[in-house]
2 protein chains.
Amino acid sequence: MEHKSISLADQVFERLENDILTGVYARGEILNEMKLVADLGVSRTPVREAVKRLEQESLLEVSAKGITVLGVSAKDLQDIYELRLHIEGLAAAEAAKNITEEELAELKEALDLQAYYAEKHDAGHIKYMDSRFHQLIYRFSGSRVFYDTLLPLHKKVQKFRGASVENHSRASSSVQEHQAIYEAIAAHDADRAEAAMVLHVQNAKNHIKV
Amino acid sequence: MEHKSISLADQVFERLENDILTGVYARGEILNEMKLVADLGVSRTPVREAVKRLEQESLLEVSAKGITVLGVSAKDLQDIYELRLHIEGLAAAEAAKNITEEELAELKEALDLQAYYAEKHDAGHIKYMDSRFHQLIYRFSGSRVFYDTLLPLHKKVQKFRGASVENHSRASSSVQEHQAIYEAIAAHDADRAEAAMVLHVQNAKNHIKV
DNA sequence: TGTTGTATAATTGTATACAATAATACAGGA
DNA sequence: TCCTGTATTATTGTATACAATTATACAACA
């Protein structure tokens with residue numbers, strides 16, 4: 001039994017990041033450490049660590065006034081898609097070149113689960129599996145640089161995908177597009193994987209509700 | 001007199017980042033907080049903050065064994081150029097659209113200084129001004145997303161540019177390329193700015209010594 | 001009314017003591 | 001010799017007291 005003990009600071013970071021990205025804390029809202037200490041039931045130290053990391057991601061800004069929630073603006077969203085449109089295809093191409101059989105099975109499982117939940121109209125799980133599929137590709141690209149660059153961009157899009165995953169037609173198109181990407185990667189066809197990914201990001205962009 | 005008091009944590013962060021990127025701390029080396037406390041003459045708190053931020057940039061990795069220096073590998077370098085080749089042109093294009101007269105003057109000054117130091121074969125200052133030119137363009141793109149994405153990539157390349165700035169021929173080519181980028185931006189010609197930047201990144205990539 | 005100086009309060013910044021965890025060294029036995 | 005369990009040590013994780021800075025409220029004055 002290997003219990004990887006996850007630190008309080010990491011837990012706070014994940015919870016806080018999620019709360020910012022899902023709108024629990026609104027853009028422009030001003031928090032402070034003691035409020036977060038009270039909300040989360042831990043001391044200032046892990047709170048500060050999490051806040052500083054989120055500040056580096058431009059999700060928060062710390063000043064003497066307090067901790068301002070920056071979150072993700074509509075312009076940020078546009079810029080994120082503009083970037084992803086140009087580089088996410090590269091990650092898919094690299095994954096097609098480098099992926100192992102084991103990793104391929106992991107990717108397939110994420111895809112199958114997404115299809116399953118799409119069939120059941122389970123928006124929450126669809127969104128999770130959709131994210132997982134993309135994040136696995138970042139990992140399997142075999143490039144820490146790609147991973148570190150794309151992951152924060154992808155995470156910030158979360159909140160805005162609510163509408164599209166609840167749209168059954170778009171949800172099943174998304175599954176099909178993932179399917180195409182998966183097949184290209186499984187065939188180790190880098191060019192096709194790249195093209196399929198670019199197409200998918202373009203479609204996702206067009207279905208975003210700001 | 002406005003003295004923006006910069007925190008110890010920020011100072012430690014900058015110094016540590018620089019020391020990792022310039023090789024003062026070698027890749028694979030294992031540090032620990034107390035050693036850094038001794039080296040830097042501050043308490044654990046600001047050291048920890050800096051270390052955690054650097055961990056998030058994948059320059060360090062913290063475990064029970066200590067603080068491992070990850071730094072930037074040859075593969076990282078390749079991947080960074082691959083990404084920059086695809087997105088740095090976009091930043092230049094945005095800058096061409098959005099830049100103000102004041103900002104343009106700032107960019108011009110960085111360019112002129114780089115030319116001045118190139119003439120004097122002052123490698124240290126060439127490098128600094130070269131970096132500054134690129135970072136100003138990230139800022140003037142008007143996109144926090146572009147800035148946050150490109151800046152860490154750019155910073156990581158520093159160490160590997162030593163050879164190219166010391167090569168007089170390359171140093172003056174670089175100035176000319178920056179000149180072309182500047183002129184396109186000054187003319188608010190987005191397409192030309194993008195093309196000039198892509199060309200420049202490609203040339204820089206070809207002159208990197210790994 | 002507006003502005004400027006000043007006292008107060010709120011907030012983050014820093015240092016440090018203590019806790020928890022994991023790595024290491026080493027002894028004992030198969 | 002190799003493995004395994006265990007004590008020790010080294011390291012990071014957490015809480016908290018105190019310092020420094022900045023924002024804020026308000027009074028005095030022009």
Side-chain angles (χ1 to χ4, degrees), chain A residues 1-20 24-71 144 148, chain B residues 1-20 24-71 144 148:
Chain A
M1 183 132 75
E2 47 168 310
H3 243 319
K4 186 166 105 192
S5 129
I6 177 169
S7 71
L8 288 183
D10 285 349
Q11 292 176 44
V12 169
F13 174 78
E14 284 184 22
R15 158 120 184 234
L16 224 47
E17 181 183 51
N18 191 67
D19 283 356
I20 296 167
V24 172
Y25 296 119
R27 271 165 43 75
E29 189 173 353
I30 296 183
L31 316 169
N32 61 64
E33 289 175 359
M34 288 318 290
K35 169 173 167 44
L36 295 175
V37 163
D39 283 6
L40 304 170
V42 298
S43 79
R44 281 182 68 204
T45 305
V47 166
R48 277 182 64 83
E49 178 178 325
V51 166
K52 288 296 177 179
R53 286 169 61 190
L54 292 165
E55 184 178 31
Q56 189 155 311
E57 289 191 353
S58 291
L59 287 175
L60 295 176
E61 188 175 56
V62 177
S63 72
K65 265 205 285 286
I67 301 165
T68 305
V69 179
L70 298 182
R144 167 144 248 162
D148 288 346
Chain B
M1 186 132 74
E2 49 169 305
H3 243 320
K4 187 166 105 192
S5 128
I6 178 170
S7 71
L8 288 183
D10 285 349
Q11 292 176 44
V12 169
F13 174 77
E14 284 183 23
R15 159 121 184 234
L16 223 48
E17 182 183 50
N18 191 67
D19 283 356
I20 296 166
V24 172
Y25 297 118
R27 274 166 43 75
E29 188 173 351
I30 296 184
L31 315 169
N32 63 63
E33 289 176 0
M34 288 318 289
K35 167 172 169 44
L36 296 175
V37 163
D39 283 5
L40 304 171
V42 299
S43 78
R44 282 183 67 201
T45 305
V47 166
R48 277 182 65 83
E49 179 178 323
V51 165
K52 287 297 178 178
R53 286 168 61 191
L54 291 165
E55 184 179 31
Q56 189 157 308
E57 288 190 355
S58 291
L59 287 175
L60 295 176
E61 187 175 57
V62 177
S63 73
K65 264 204 285 286
I67 301 165
T68 304
V69 179
L70 299 182
R144 167 144 247 160
D148 288 346

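Values below: every heavy atom of this structure, side chains too, minus hydrogens, waters and symmetry copies. In what follows, every chain begins at residue 1, and chains take the letters A, B, ... in the order their sequences are listed.
Both A:Ser7 and A:Ala64 sit near DNA chain D, but only A:Ser7 has its closest nucleotide nearer the 5' end.
One atom, CD1 of A:Ile6, and another, C1' of C:dA20, lie 16 Å apart when rounded to the nearest Å. Spacing between atom CD of B:Glu61 and atom C1' of D:dT12 amounts to 14 Å, rounded to whole angstrom units. Here the P atom of nucleotide D:dT22 and the CG atom of A:Asn32 are 18 Å apart, to the nearest Å. The interatomic distance linking B:Ile67 (CD1) with D:dA10 (C1') rounds to 13 Å, in whole Å. Computed from coordinates, the B:Phe13 CZ to C:dG13 P distance equals 15 Å when rounded to whole Å. Between B:Asp10 atom CG and C:dG13 atom P the separation is 8 Å, expressed in whole Å.
Taking every side-chain heavy atom of B:Lys65 into account, C:dT24 is the closest of C:dT14, D:dT14, C:dT24.
Between B:Thr45 and B:Glu49, every side-chain heavy-atom pair lies at or beyond the 4.5 Å cut-off.
Proximity of residues 33-54 of chain B to DNA chain D (heavy atom under 4.0 angstrom from any strand atom) is restricted to B:Glu33, B:Arg44, B:Arg48, B:Lys52.
Rounded to 10°, the angle separating the first-five-pair axis and the last-five-pair axis of the helix from C:dT1-D:dA30 to C:dA30-D:dT1 equals 20°.
Here A:Glu29 contributes atom CD and A:Ile67 contributes atom CD1; the two are 11.0 Å apart, rounded to the nearest 0.5 Å.
With sequence neighbours left out, B:Arg27 forms a side chain to side chain contact (heavy atoms under 4.5 Å, CB included) with B:Ser73. Residues satisfying the side chain to side chain contact (heavy atoms under 4.5 Å, CB included) criterion with A:Glu57, sequence neighbours excluded, are A:Phe13, A:Glu17, A:Leu54, A:Leu59, A:Lys155, B:Gln56. A:Val42 is linked by a side chain to side chain contact (heavy atoms under 4.5 Å, CB included) to A:Leu8, A:Val12, A:Leu40, A:Pro46, A:Val47, counting only residues two or more places apart in sequence or in another chain. Residues passing the side chain to side chain contact (heavy atoms under 4.5 Å, CB included) test with A:Ser63, sequence neighbours excluded: A:Lys65.
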Original post:
Do B:Arg53 and B:Asp10 pass the salt bridge (Lys or Arg N to Asp or Glu O under 4.0 Å) test, and can you show the C-alpha distance, the side-chain angles, and the key distance before you say yes or no?
Top reply: CA-CA 10 Å; B:Arg53 286 168 61 191; B:Asp10 285 349; 3.1 Å; yes
Original post:
Step by step, would you call A:Tyr25 with A:Leu36 a side chain to side chain contact (heavy atoms under 4.5 Å, CB included)?
Top reply: CA-CA 11 Å; A:Tyr25 296 119; A:Leu36 295 175; 3.7 Å; yes
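One N or O on the side chain of A:Glu55 and one on the backbone of A:Val62 form a donor-acceptor pair closer than 3.5 Å.
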